[in-house]
Peer 1: 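Would you mind keeping the following structure in view while I ask a few things?
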Amino acid sequence: MSKQNIIICSDLRYDLEKVISSHKYDKLFILTDNNTFCNCLPAIESITPIQNATHITIGAGDINKTLDTLSQVWLKLSQNGATRHSLMINLGGGMVTDLGGFAAATFKRGISFINIPTTLLSMVDAAVGGKTGINFNGLKNEIGSFAPASEVIIDSEFLKTSDYENLMSGYAEMLKHGLISTTENWKELIKFDFDNDIDYKSLQSIIGKSVAIKENIVEQDPCEKGIRKALNLGHTIGHALESFALKSEHPSLHGYAVAWGIVCELYLSHVKSGFPKEILRQTVAFIKEHYGILNFSCKNYDELYELMTHDKKNESSSSVNFTLLSDIGKININQTASKEDIFESLDFYCETMG
Ligand code: GLY
């Protein structure tokens with residue numbers, strides 16, 4: 001898989017114009033959803049190549065990450081004369097960059113695309129690393145391919161209009177990157193000040209570091225055969241909690257479920273791999289303060305365990321696969337835990353977070 005060029009930008013219009021002019025293309029397409037069409041496109045529409053681009057706009061939200069929407073995008077590309085030498089820009093959150101990336105990767109066996117993520121979650125996770133796809137048959141990201149954008153342009157200006165919940169949702173993935181990298185990075189993340197006016201310059205700087213951590217891992221293992229599984233920390237239990245919350249009246253944002261999953265999986269890391277107690281304590285305190293709690297009790301443990309056994313990361317249906325840590329940056333992939341261990345980690349969550 002070729003490497004993506006990540007640009008942490010200070011002047012979006014200037015950087016984008018430069019990036020576009022570095023491509024040889026016949027037609028330019030720009031994909032937005034209803035929200036980014038109104039709220040984010042104005043930031044770039046004055047530059048000449050965008051004025052000449054064909055716009056494709058899809059419905060916002062995960063509910064539209066479907067085969068039907070994908071086929072609408074293919075149709076627009078086809079009807080507007082896209083060729084193998086066309087270029088597509090995906091402007092939006094993870095849904096737009098995932099679906100748009102997959103549309104580009106498959107149209108005429110693949111056209112180049114540029115991602116401009118507009119949410120923190122897509123800046124630090126979805127838009128980088130080359131995973132593209134759509135939901136199918138009720139399953140998230142069931143159809144897709146590894147297809148890197150040629151460039152990912154990250155501008156934290158977009159975050160100034162983000163609500164707190166979406167900011168914290170993306171921040172959970174950054175916290176995960178801190179835990180799988182260095183103590184210095186983790187410390188910087190848990191002391192970032194969200195209580196007063198957010199310092200977007202500092203945020204842009206830690207976003208850059210976070211993306212570099214992910215890129216480094218993806219470069220070593222683009223197709224998730226080995227070390228890329230480090231990026232699954234917090235996600236085995238996190239996905240189960242996300243699905244559980246979805247069925248309740250209080251669905252949670254992806255990053256919130258990941259943060260709660262990190263609480264449980266760091267506990268498992270402590271018990272099974274000797275992860276330091278003090279780092280566990282400080283991380284749990286940060287998550288409790290910034291993410292609150294998803295309420296469940298021991299009556300829900302069997303249902304949560306059942307959801308974990310269906311996780312697509314498992315090697316077999318009878319074991320649950322985890323990425324655990326023996327310290328910050330000391331990663332153990334392909335770990336399993338017994339039902340008793342998992343229930344104990346859920347007990348830990350209820351006792352410390354409740
Ligand atoms: N979101 C995890 C990965 O890109 O591998």
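Just so we're clear, the structure is a prediction, and the values are computed from it rather than from any experiment.
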Peer 1: Pair K209, E188 - check salt bridge (Lys or Arg N to Asp or Glu O under 4.0 Å), show working.
Peer 2: CA-CA 11 Å; K209 291 180 199 169; E188 192 173 19; 2.9 Å; yes

Peer 1: For T66 and T69, does a side-chain donor sit closer than 3.5 Å to a side-chain acceptor?
Peer 2: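 On atom types as modelled, these side chains qualify, holding a pair under 3.5 Å.
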
Peer 1: With a 4.5 Å cut-off on side-chain heavy atoms, are F348 and L280 touching?
Peer 2: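 Yes. Closest side-chain heavy atoms under 4.5 Å.
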
Peer 1: In Å and rounded to the nearest 0.5 Å, what is the CG to CG distance from N90 to L31?
Peer 2: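 So the CG of N90 and the CG of L31 are separated by 5.5 Å.
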
Peer 1: Please assess T236 against E265 for the test side chain to side chain contact (heavy atoms under 4.5 Å, CB included), listing each intermediate value before the final yes or no.
Peer 2: CA-CA 8 Å; T236 304; E265 293 183 24; 3.4 Å; yes

Peer 1: Counting C-beta onward and ignoring hydrogens, is there a side-chain heavy-atom pair between K24 and H85 closer than 4.5 Å?
Peer 2: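 No. Closest side-chain heavy atoms not under 4.5 Å.
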
Peer 1: Distance-only, no hydrogens or angles: does the N64 side chain make a donor-acceptor pair with backbone N or O of A60 under 3.5 Å?
Peer 2: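 Yes, N64 side chain to A60 backbone: donor-acceptor pair under 3.5 Å.
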
Peer 1: Can you measure from CZ (F37) to CG (L91) and round to the nearest 0.5 angstrom?
Peer 2: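 Spacing of CZ (F37) from CG (L91) equals 11.0 Å.
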
Peer 1: Can you tell me how far the OH atom of Y200 sits from the OG atom of S162, to the nearest 0.5 Å?
Peer 2: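 It is 7.0 Å, given to the nearest 0.5 Å.
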
Peer 1: Check step by step if side chain to side chain donor-acceptor pair (under 3.5 Å) holds for T36 and D33.
Peer 2: CA-CA 5 Å; T36 59; D33 66 23; 3.3 Å; yes

Peer 1: Among T97, I44, D155, find the one that has a side-chain contact (heavy atoms from CB on, under 4.5 Å) with I116.
Peer 2: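 Testing I116 for a side-chain contact (heavy atoms from CB on, under 4.5 Å) against T97, I44, D155 leaves exactly one candidate, I44.
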
Peer 1: Rounded to the nearest 0.5 Å, how far apart are CG of N115 and OG of S150?
Peer 2: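 Result: 8.5 Å between the selected atoms.
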
Peer 1: Should L266 and L304 be counted in the same cluster of Ile, Leu, Val, Met, Phe, Trp and Tyr side chains packed under 4.5 Å apart?
Peer 2: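 Linked within one cluster.
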
Peer 1: What's the verdict on side chain to side chain contact (heavy atoms under 4.5 Å, CB included) for N35 and T118, showing C-alpha distance, side-chain angles and the deciding distance?
Peer 2: CA-CA 10 Å; N35 293 334; T118 57; over 6 Å; no

Peer 1: State whether K140 and D62 are salt-bridged, where the test is any N-O pair (Lys NZ or Arg NE/NH1/NH2 against Asp/Glu carboxylate O) under 4.0 Å.
Peer 2: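 Yes, charged N to carboxylate O under 4.0 Å.
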
Peer 1: What's the separation between atom CD in E17 and atom OG in S46, rounded to the nearest 0.5 Å?
Peer 2: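 The CD atom of E17 sits 8.5 Å away from the OG atom of S46.
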
Peer 1: For K187, is there an ion pair with E184 - N to carboxylate O distance below 4.0 angstrom?
Peer 2: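 Here E184 does not pair with K187 in a salt bridge, since their nearest N and O are not under 4.0 Å apart.
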
Peer 1: Ignoring hydrogens and geometry, is there a side-chain-to-backbone donor-acceptor pair from S156 to L159 under 3.5 Å?
Peer 2: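 No.
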
Peer 1: Going by atom types alone, do D26 and T83 pair a side-chain donor with an acceptor below 3.5 Å?
Peer 2: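 The answer is yes; a qualifying pair exists.
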
Peer 1: Taking Y349 as the fixed residue, which of Y267, F296, Y291 is the one that meets the ring pair (Phe, Tyr, Trp, His ring centres under 6.0 Å) rule?
Peer 2: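 Considering Y267, F296, Y291, a ring pair (Phe, Tyr, Trp, His ring centres under 6.0 Å) with Y349 is found only for F296.
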
Peer 1: Consider only side-chain N and O atoms of D341 and S338, and report whether a donor and an acceptor are under 3.5 Å apart.
Peer 2: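 Side-chain D/A pair, D341 to S338: present.
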
Peer 1: Other hydrophobic cluster members with L139, side-chain heavy atoms of Ile/Leu/Val/Met/Phe/Trp/Tyr under 4.5 Å, chained?
Peer 2: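 ILVMFWY cluster around L139 holds nothing else.
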
Peer 1: Can you confirm whether T352 sits close enough to K288 that some side-chain heavy atom of one is under 4.5 Å from a side-chain heavy atom of the other?
Peer 2: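 No. Closest side-chain heavy atoms not under 4.5 Å.
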
Peer 1: Can you tell me if D125 uses its side chain to pair, donor with acceptor, with the backbone of L121 under 3.5 Å?
Peer 2: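 Flag not set: sc D125 to bb L121 has no pair under 3.5 Å.
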
Peer 1: Measuring from atom NZ of K214 to atom CZ of R228, what distance do you get when rounded to the nearest 0.5 angstrom?
Peer 2: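 So the gap between those two atoms works out to 5.0 Å.
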
Peer 1: Can any side-chain N or O of S269 pair as donor or acceptor with the backbone N or O of L325 at less than 3.5 Å?
Peer 2: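 Checked: pair present.
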
Peer 1: Under 4.5 Å between any side-chain heavy atoms of K131 and N141, yes or no?
Peer 2: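 A side-chain contact is absent here, since even the closest heavy-atom pair is not under 4.5 Å.
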
Peer 1: Does any N or O in the side chain of Q335 come within less than 3.5 Å of the main-chain N or O of I333, such that one atom is a donor and the other an acceptor?
Peer 2: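 Indeed, once roles are kept as given, a pair shorter than 3.5 Å links the two residues.
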
Peer 1: Are H239 and H254 packed together at the side-chain level, in the sense that at least one heavy-atom pair is separated by less than 4.5 angstrom?
Peer 2: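 With C-beta onward as the side chain, the pair touches.
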
Peer 1: Within the 3.5 Å criterion, strictly below it, is a donor on E242 or H235 matched to an acceptor on the partner's side chain?
Peer 2: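 Short answer, no.
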
Peer 1: Check for a donor-acceptor pair, side chain of Q204 on one end and backbone N or O of C9 on the other, with a separation under 3.5 Å.
Peer 2: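 Yes; at least one donor-acceptor contact below 3.5 Å.
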
